[in-house]
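What's counted below: heavy atoms across the whole structure, side chains too, no hydrogens, waters or symmetry copies. Each chain gets a letter, A, B and so on, in the order the sequences are listed, and its residues count up from 1.
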Amino acid sequence: MSTIGNAFAPVRDAFDSIGDAFHRMNQWQKYSFYAIVIIALYLAPFWTDIPVIGPIVDTPGTQFSTVLNDQVIIFVLVALGLNVVVGLAGLLDLGYVGFYAVGAYVTAILTSAHGNLPWLLSLPIAVVVSMLFGVILGAPTLRLRGDYLAIVTLGFGEIIRLTAKNMDWLGASRGISNIKKPPSIFGLKFGVIDPKPYYYLGLTLVLIVVFVLHRIEYSRVGRAWVAIREDEDAAELMGVHTFKFKLWAFTIGAAVGGLAGVHYAGKVGFINPDNFPLQLSILFLAAVVLGGSGNMYGAILGGVLVAYVPERLRNFADKRVFVFGVVLVLMMVFRPEGILPKRVGDEHKKRQRSSQNEEVAQ
Amino acid sequence: MPDWLIIRTFWDLTVTGLALGSIYALVALGYTLVYGVLRLINFAHSEIFMVGTFGSLLASSQFLNIPLLEDGNYPYRAGMTLIFFLVVILIIAMVFSGISAVLLERVAYRPLRGNGDSIGAVALAFLTAFIVSLIFIDDTQVNVIISLVLTAPIAYSYLRIFKRGRKAPRLAFLISAIGASTAIAEAVGVWGTHGRDQYQTARILEKKTVFNLFGTDVRIDYVIVIVGALLMMTALTLFVNKTRLGRGVRAVAQDAETSRILGVNVDMIIIVTFALGGVMAGGAAMLFTLVYDQTRFNIGFILGVKSFTAAVLGGIGNLKGALLGGLVLGLVENYGSAIFGGQWKDVIAFTVLLVVLMFRPTGLLGESLGKARV
Amino acid sequence: MLLEVTDLHVFYGRIEAIKGISFGVGEGEITTLIGANGAGKTTTMRTISGVRTVTQGSVIFDGQDITKMAPHDRVKLGICQAPEGRGIFPGMTVRENLDMGTYVRGGDSAQKAADLAHVFHLFPRLEERISQLGGTLSGGEQQMLAIGRALMSRPRLLLLDEPSMGLAPMLIAQIFEIIKQINSEGISVLLVEQNATQALRVAHRGYVLETGYVVKDGSGHDLLEDPAVRAAYLGG
Amino acid sequence: MKKSVLRAGATLLALSLVGVACGGGDDASGNGCEGDLKIAFFGALTGDAGNLGINIKKGLDLAVAQHNAENADNQLVVEAYDSQGDPDQAPALADKAIADPCVVGIVGPAFSGESAAVNPKFEEAGLPIITPSATNPDLSKNGWDIFHRALAGDDKQGPGAAAKIVADGKMKVGVVDDNSEYGKGLADIVQESLGDKAVELNSLDPEASDYSAIITAAKDAGVDAVFFGGYYAAAGKLAKQMADAGVTATFYSGDGTLDVGFIEAAGPAAEGAILTCTCAPFDTNPEFLKAFQDANDGENPATYAAEAYDAASVFIAAIKDGKTTRADILEFINGYDAAGVTKQLKWDETGEVTGSAVYAYEIKDGAIKGIGLIE
């Protein structure tokens, strides 16, 4: 039997060779490349005005720049956070929407329902509270393995949503309105209609998160995560304090999820429990795995796709969720590691691919 | 004794809790069987149940031609006719669920095991052509025709890709499952005759009280559900423990590699496993429509999450655990609702799960399909 | 020859584990493959059982080409293996484990009872443990169970992968006695062993494997006497 | 290879800059509309609550079609924004509507939840809205100038429903809701109005299948009526399961249940159920009824269709009056006072329609029958 992987090998090789080309660039070239990409991204709300590209990227029925912020930025932030939990530490979290909800609710409570803090001040508080929730959920449950953790986290997400729905103090099913907006700065007015300032803010948050996560990933903590993901028992034997690092993964993931919630609450100004359904957790997970679990840039791409494609496909409004489901299956059948799989050393890569060839019935 | 609602209505809550719990348990069996054999959360199992409810809907409305109402009243049947109708509906629901479970395995899982075959390739090819044609034309009939034409060449190339197949990582199975689940539910929601609305199923069983339990009237449909579920579960346990294929299922669950060496056809066993889970879900679906006489495209989701919770609560991979978990969950939900109010029902269910797993990390009865014995 | 393996190549992903070996097992003979860890012995066994796919080469059993045959069809032909590490189903009783040996064959209960009696005759310990779970047996008992289970399939060719691994010397001697006895009943045996001395002593024919190649072959007796083999595998 | 990566990035950047240059920050709120003016539908056409949105759009379509037939030189277009009733999806649609200068009025948003999410946007854009169905009382308390309701809110309906229940001689009323913004809001008002006649039975999950725990509590309390705040699908399941469990209490519910879907779901158990709505019975205005039937293959207008027709008529009246900008139309609406098919259309400063009424309906022989005004 041929052992050369699947028919997407050319695609994978293309990605690999782009990656290799990138790695061969010198410092100066790399930085200018980053700069170009980042500037282009900041200009994304105007892409629809570009002659040929505009009609291709524009979303029918919905405002492109609103989609960029409300859907794409939120999904990218969340995917980045969830990637730490699922992709790096290998912990299957089906209730990640819970942290997103915590971030949004803390902001809502502090700036509207029970307080009058400015949005900016609520941000660090909400992030810290989200991390606390990460610890609260993680500490008792991280001893559970794989699929048990999945259902427990799923339950956690539901508990958060239902608690918000049933407690008057949290606005119950009415939700919380009049959430404060981010402060106007550099001439950017954070109003109700124009989504562009929120997008700039969101993109900035994404870049900061990417930078921070990048640092963490290549630190001792990141290496410990990889060790846990590959073989938890072996990691434990090697002296990695697995519980501590798993908890860290959970907490950092929660912080990013919470941050996304803060950004969302500040943008929409009104939240209610129905904004945080269980299905959203599943979409978040789909984003991470679709893009390439374990690779930050894969997670970003996955977030963009899962958020953007259904909006782009609004033409066949009621069939787009069906199409999305089928696309997920097809993607997993033909590119199971995601679009941008995690990049590993060449030797390691070979070993990994060959071990995936083992034909054991799972 | 304090005069609490839960105490006043204890037996009432118990009967209805056991009935709902029996349905949870039957669906939980599907999760547990597949998990036991493949170590895979078959996320789309909930939709297998949903398909079963539509199977019983079609059975009563199309095959048996029973109207929803006769002169403004339910079309009750009695005696042998009733039994015959119920059996026909049960079998058709089981066939619907069983076949869809097996198809699901072929399309969404088997190719990921690096083992795809022509049925999976054809189905995936058809779906590919269909969604691609959807982008250009939004007319279902035309789409179907285009897709049928394009199926063969695409299937051929898919089959070639399968041939070079390799095994996908675990997470990919879960996402594929989620995708399949979404697609199945949405397909019914989009192309079903009532779309996303509720469907009513004909009620042929008059819901009479059959006996009185500590002052609570127990209705015939609840008795049928509980007894039916127990019978089906016993049949399944006997099958798994006493038959050759059943032994194969247990063997693969415990050690797939050795099973192959001893001549067990693992692919065959996986099909059997999905079929068994599907048949149980079909039975659950028939019992469900018997009590609630309605269904909907998204009916599987909540019930699926609950049943999966039940499976984990009892110990996933463990047949007795599925039964115990289902019944416990049904009861806990009902008692909890009486104490804290219905809106906290799901919170209570998940909290119980959390607490149980903290003290017993592999559920009430622990894992392992192989160890599940009568 | 009952089993003839010709120019066998097997890959694990991109790594070639077996690089073209040829050997045979004669009808009614005990044949042994000896070699160090990683020489490819277990891979060879799994290939003969059909669990691993062959990249190149052929496997002929009793004149029939079985290179591409599914594992369960090979068991039907009479090839059965007691795998490395014994592969006992931990959640099944001894009786159920033995029944798994007849999984493919099916057969009537009288036949099964006779086979069971035969296995219990060879391994009286198993009868004592009949309703105990496989996972609770000792290492020696598990090995007996693995061999017994393979015998239940009424094999023409019994594949034994490291039957002496992890056992006390007393038990090892006992196991090899039983292998001889099984062979004397007309069952051909392919034996893979690190314990080369014992293996060559009972074997009619032996092959020495090194990193995917056959480096030497001959009768069991000749190999035992071969100075190079002695130096490398027999501890002087 | 490395060059090409850089080049691709640079191209993207250049294109973006071109985009900025020719995009120009045009503001949407002016009347820069080229082409026909649009009246937009905003709400669910697909998704779980699609039925109600479809009713509304039919009313809107009828009004616009009548206008277009009579005024060949002044054609209007109906633009539909299908939010699926989801507050998460609504903002991007609202922004699109705001950015389209031709959209001068909105019939919607259909639901209370999405209204809370997007009405602040419409307010800031000065885009007038008339909702034919969002009845949550809090909506009119936000000081939105653009906000108008074509029917009374639940603060009118709730006391009306309670009055009807009391008038029917019920002494012990179990109050249940579906824990939605609309359902819980309405149920709370009903419960408050009923005072000590009410027995709180808490909330149910509309997506769940089994309501036996709540029914057990209702049985235990010995209620002679049950009021349900929520939508028709859950109402049908609840009514049926209550009947199965031998609860003989009369079933009451609000406008969310006023749909044939309720009768379908509840079967014979729906008989005798009393529903309230601040919307008018479909046959209130024979002229409208006939026009609607003619346009829809003899189908009767369902819940909110007449209110949507009224809402659209007000926008059309403004446009006929020569108003073409959002600001002018808004001013026109705020000063409007004329009879519609359902009621006199005149709004107070909070956007509540004056002179509204609560109607009662009964399910009889498998159909919805209006049984008149509740005093």
Would you name the heavy atoms of [X] and [Y] that are closest together and state the gap between them?
{"X": "D:S180", "Y": "A:S173", "result": "O-OG, 3.5 Å"}
{"X": "A:V67", "Y": "D:A92", "result": "CG2-CB, 4.0 Å"}
{"X": "A:G191", "Y": "D:E124", "result": "CA-OE2, 4.2 Å"}
{"X": "A:K267", "Y": "D:K121", "result": "NZ-NZ, 3.9 Å"}

task = Check each atom of D:N202 against the heavy atoms of chain A and say whether the ones under 4.5 Å are side chain, backbone, both or neither.
result = neither
key: Toward chain A, the part of D:K184 with a non-hydrogen atom under 4.5 Å   = side chain
So, taking the atom named [atom1] in [X] and the one named [atom2] in [Y], what distance separates them when rounded to the nearest 0.5 Å?
{"X": "D:D95", "Y": "A:S65", "atom1": "CG", "atom2": "OG", "value": "7.0 Å"}
{"X": "A:E311", "Y": "D:L93", "atom1": "CD", "atom2": "CG", "value": "7.0 Å"}
{"X": "D:N119", "Y": "A:S177", "atom1": "CG", "atom2": "OG", "value": "11.0 Å"}
{"X": "D:N142", "Y": "A:N178", "atom1": "CG", "atom2": "CG", "value": "6.5 Å"}

ask   = Can you find a heavy atom in the side chain of A:Y264 that is under 4.5 Å from one in the side chain of D:D88?
value = yes
query = For chain D, which residues from residues 159-170 of chain A have at least one heavy atom closer than 4.5 Å to it?
reply = A:K165, A:N166
Measure distances from [X] to the heavy atoms of chain D and classify the residue's part below 4.5 Å as side chain, backbone, both or neither.
{"X": "A:P195", "answer": "side chain"}
{"X": "A:T59", "answer": "backbone"}
{"X": "A:N275", "answer": "both"}
{"X": "A:K196", "answer": "neither"}
{"X": "A:Y42", "answer": "neither"}

query = Who wins among D:A97, D:A116, D:P87 for the most heavy-atom pairs under 4.5 Å with chain A?
reply =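 Winner by heavy-atom pair count: D:A116.
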request  = Just do the side-chain contact (heavy atoms from CB on, under 4.5 Å) check on D:D138 and A:R174 with the steps written out, would you?
outcome  = CA-CA 9 Å; D:D138 291 344; A:R174 285 189 316 281; 3.5 Å; yes
query = If you count the non-hydrogen atoms of other residues, nucleotides and ligands that lie under 6.0 Å from CD in A:Q279, is the total more than 12?
reply = yes
Side-chain donor or acceptor of D:K96 paired with backbone N/O of A:T62 under 3.5 Å =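 Checked: pair present.
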